[in-house]
Every structure is written in C-alpha cells, then in structure tokens.
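Let me begin by presenting the structure, written as structure tokens, before commenting on it.
The chains referred to below are lettered A, B, ... by the order of the sequence lines, with proteins before strands, and numbering in each begins at 1. For the numbers below, each heavy atom of this structure counts, side chains included, while hydrogens, waters and symmetry mates do not.
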2 protein chains.
Amino acid sequence: MKKLPRISESEWLVMRVLWSKSALTANEVVKELTGQTKWKPKTIKTLITRLLQKGALRFKKDGKKYRYYPAVIESECVGAQRRSFVRRVYGGTMKPMLAAFIEDADLSQEDITELKKILEQKERE
Amino acid sequence: MKKLPRISESEWLVMRVLWSKSALTANEVVKELTGQTKWKPKTIKTLITRLLQKGALRFKKDGKKYRYYPAVIESECVGAQRRSFVRRVYGGTMKPMLAAFIEDADLSQEDITELKKILEQKERE
DNA sequence: TATAAAGTATTACATTTGTAATCCATTGTC
DNA sequence: GACAATGGATTACAAATGTAATACTTTATA
C-alpha cells in the first residue's frame, strides 16, 4: 500500500467534502463549504491545489473544467489520524483513551448497544 | 477556564514527560526523551522555550537552574485534542469513530470488561 | 464584440513547526 | 585559575500551514 499524504487541519474539510460526494468542480466544493467555514473561494482553491500536489486528490477534465475526486481512501486516512492521535496523546495505550472517549461521548441507546456488541466480539477473539 | 495553548506534535512529547514527572530541569527532560527520540538537546530546549511562551509550562528557580512544570492540566489538553480530532476526522459523530477505535485497539480482557462497565454506566444515565 | 464572470495557475506573505546552532554566563574540573 | 561542560537566551532557516490576491484564459452576457 502506498503511503498516505499528510493532510492538514484545513485540508481535512476539503477531503471530507470530496469523500462524501465526488467528483466535484472547485466551485461545487466551495459551495459545500460555505457555511461551514468563512474561507474565501481562493483559499479553497489553494487547498485543492495543495491536495493535488500531495497526491490526495486527482482531477479529470469535464469539458474545460476540472472535477476533483479523492486519490486516497477515507478509511485509511482516518485510521492513520486515529493512530497518530493515540500515539501523540496517550503514548499508544488505548484503554484510558477509549474510556475517556466513551465517557465524553454523546451516545444513543443504540450506539451503546452496538459498541457493547463490538466489545463482546473482541472478547471472543 | 482559560483557553488552552495549541501544543504541536513534538511539543506533546515534552508535555507528556512533564505531566508524568515534574518539576524537571531541561536536562532531565532531555534524559527522559533520549531513546524515544533522536532530538539533540538543543532541540528539546527549544521546545521547552516555546511551551513556556505559549503558557503551557512554567518554571521555578532551583538555585541557578530552572525546573519546569506544566501550567496546563493534562486531562484538559487531552480532551481538547480528542474533541478536535473527532471534529476534524468524523465531523463530530462519535459512534463510528468509537467503533473503529475499539476494533483497532489491542485490549486485554480486563480492559474490555472495564469498557463494558463504562458503557453500562452510560446506559443508566 | 467588448465586458464581466468563472476557472485555473502563479505568487504572496505571516505564522507555526521541526530541527537545530551560536552566544554568553556560570560552574565544575584539572 | 584556565578550560571545558552546562544552562539559558538568542538567532537561524527551511518546510508546512493558513489565508489569500493577482494574472491569465476561456466562456457567458449585454
């Protein structure tokens, strides 16, 4: 597997748009992000350009316009972030981190049931 | 409550040392980090200086030397990181994130039991 | 068809971060 | 006491990041 590019805080917002819906033109990305951020369109263009350079996005031509789409897989990027986060903050020990997460989280009854199921699953491994 | 300073990736290592043991001299911090990193002592001094400037650390004099100690509370910083992480990567929705975390984690039987207990606790709220 | 709008490319510029080195004062050592 | 090591302060410098503006090109519009 290829190594994932490093995606900055701001760039994440752009990636999340394009993971949820692609391929979009730059302007469509701008529209998706309006409301979520106060960025000028030019700023979003810059972020897209950087993501292209990093290899996190690709584009294809649609007439004269470009349509952008992810070149990296969301779950992989998310996983990398998750691991980096745990390493940084908890030095790699998962349990206290998970406990804090769970306590902090706003979970529905179904969420809780499902998480318990996952834990029981793990128990059986 | 005061707003927390933004602690960078490298700076986290220094903070974790001082949260676990303080107040230490710069050199003691260097010693703690030897093995964990390949940083030159000067690099670690720089990180300490920046953390002082950001208000994440304070020092007190010990004779001529300084002894450094955290000026911010670990659990608060960790919480802020956690929330920032979730917002960035999952847009704030906790459940899928927790599920991924748990599946990914290397947990002992006791860990699992304890996490289940926490979930049951939440269930009763 | 000249003009404005939209797209893309190029350039800008301050701040933060990673990763130190240098300079100066002090202190411990031979 | 001269000299080296230590500690702290100041300076360095490139890459990444946040946040755009400008320039050029094509397209839609009056």
Side-chain angles (χ1 to χ4, degrees), chain A residues 3-18 23-34 36-69 77 80-81 84-85 87-89, chain B residues 3-18 23-34 36-69 77 80-81 84-85 87-89:
Chain A
K3 56 205 159 312
L4 300 168
R6 177 177 176 75
I7 298 170
S8 83
E9 181 97 19
S10 299
E11 289 162 356
W12 263 97
L13 284 188
V14 174
M15 291 306 291
R16 292 215 299 128
V17 166
L18 287 165
L24 301 184
T25 65
N27 211 38
E28 287 165 342
V29 175
V30 168
K31 279 194 194 94
E32 293 286 327
L33 286 173
T34 302
Q36 284 188 68
T37 75
K38 293 170 204 61
W39 294 335
K40 301 286 152 65
K42 298 294 186 186
T43 300
I44 296 173
K45 301 286 180 67
T46 300
L47 294 174
I48 291 174
T49 303
R50 287 183 184 164
L51 287 165
L52 284 170
Q53 285 165 359
K54 292 180 180 188
L57 293 179
R58 290 192 205 299
F59 66 89
K60 52 187 176 193
K61 295 235 182 80
D62 177 21
K64 283 288 169 183
K65 321 279 172 68
Y66 293 172
R67 290 193 163 272
Y68 302 93
Y69 61 94
C77 291
Q81 280 285 306
S84 141
F85 164 77
R87 202 178 346 96
R88 170 174 51 236
V89 173
Chain B
K3 55 201 160 314
L4 299 168
R6 177 176 178 74
I7 297 170
S8 83
E9 181 97 20
S10 299
E11 289 162 356
W12 263 97
L13 284 188
V14 173
M15 291 306 291
R16 292 214 297 126
V17 166
L18 287 165
L24 301 184
T25 65
N27 210 37
E28 287 165 342
V29 175
V30 168
K31 279 193 194 96
E32 293 286 327
L33 286 173
T34 302
Q36 284 188 68
T37 75
K38 293 171 205 62
W39 293 336
K40 301 286 152 66
K42 297 294 185 185
T43 301
I44 296 173
K45 302 284 181 69
T46 299
L47 294 174
I48 291 174
T49 302
R50 286 183 185 165
L51 287 165
L52 285 171
Q53 285 166 357
K54 291 180 180 187
L57 292 180
R58 290 193 205 298
F59 66 87
K60 52 188 176 194
K61 296 236 180 80
D62 177 20
K64 284 288 169 182
K65 319 282 173 67
Y66 293 172
R67 290 193 164 272
Y68 302 94
Y69 61 95
C77 290
Q81 279 285 305
S84 140
F85 164 78
R87 200 175 350 95
R88 170 175 52 233
V89 173

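In this model, the phosphate group of dG18(C) is not approached by any side-chain N or O of Arg50(B) to a distance below 4.0 Å at OP1 or OP2. At the phosphate of dG7(C), neither OP1 nor OP2 sits under 4.0 Å from any side-chain N or O atom of Thr25(A). Close to dT17(D), at under 4.0 Å from its OP1 or OP2, lies a side-chain N or O of Lys54(A). Note on Lys42(A): every side-chain N or O is 4.0 Å or more away from OP1 and OP2 of dA21(D). In this model, the phosphate group of dG18(D) is approached by a side-chain N or O of Ser10(A) to a distance below 4.0 Å at OP1 or OP2. In this structure, Thr49(B) does not reach the dG8(D) phosphate: none of its side-chain N or O atoms is under 4.0 Å from OP1 or OP2. A close approach under 4.0 Å does not occur between any side-chain nitrogen or oxygen of Arg6(A) and OP1 or OP2 of dA15(D).
The CG-P distance, from Leu51(A) to dG18(D), rounds to 10 Å in whole Å. At whole-Å resolution of the value, CD1 in Ile44(B) and P in dT17(C) are 18 Å apart. Following rounding to the nearest Å, Tyr68(B) (OH) and dA9(D) (C1') show an atom-to-atom distance of 10 Å. Rounded to whole Å, atom C1' of dA20(D) lies 15 Å from atom CD of Glu11(A). Between the P atom of dA21(C) and the CH2 atom of Trp39(B) lies a distance of 15 Å, rounded to the nearest Å. Between the P atom of dG18(D) and the CD1 atom of Ile7(A) lies a distance of 12 Å, rounded to the nearest Å. Following rounding to the nearest Å, Ile48(A) (CD1) and dT19(D) (P) show an atom-to-atom distance of 16 Å. Rounded to an integer number of Å, the gap from CG of Asp62(B) to P of dG8(D) is 10 Å.
For Lys40(B), the side-chain atoms get nearest to dA20(C) when compared with the rest of dA20(C), dG7(C), dA21(D).
Note on Thr46(B): a base of the nucleic acid sits closer than 4.0 angstrom, heavy atoms only. Nucleic acid contact class of Lys61(B) (heavy atoms, under 4.0 Å, all strands): none.
Here Thr34(A) contributes atom OG1 and Glu32(A) contributes atom CD; the two are 9.0 Å apart, rounded to the nearest 0.5 Å. Atom OG1 of residue Thr49(B) and atom CD of residue Gln53(B) lie 6.5 Å apart, to the nearest 0.5 angstrom. Taken from OG in Ser8(A) to CZ in Arg88(B), the straight-line distance is 9.0 Å, to the nearest 0.5 Å. How far CZ of Arg6(A) is from OG of Ser84(A): 7.0 Å, rounded to the nearest 0.5 Å.
Closest-nucleotide positions on DNA chain D for Asn27(B) and Lys38(A) were compared, and the one nearer the 5' end corresponds to Asn27(B). Residue whose closest nucleotide on DNA chain C sits further toward the 5' end, between Tyr66(A) and Thr43(B): Tyr66(A).
Taking the ring centre of Tyr69(A) as origin, the terminal cationic atom of Lys60(A) falls inside the region bounded by 6.0 Å and 45° from the ring axis.
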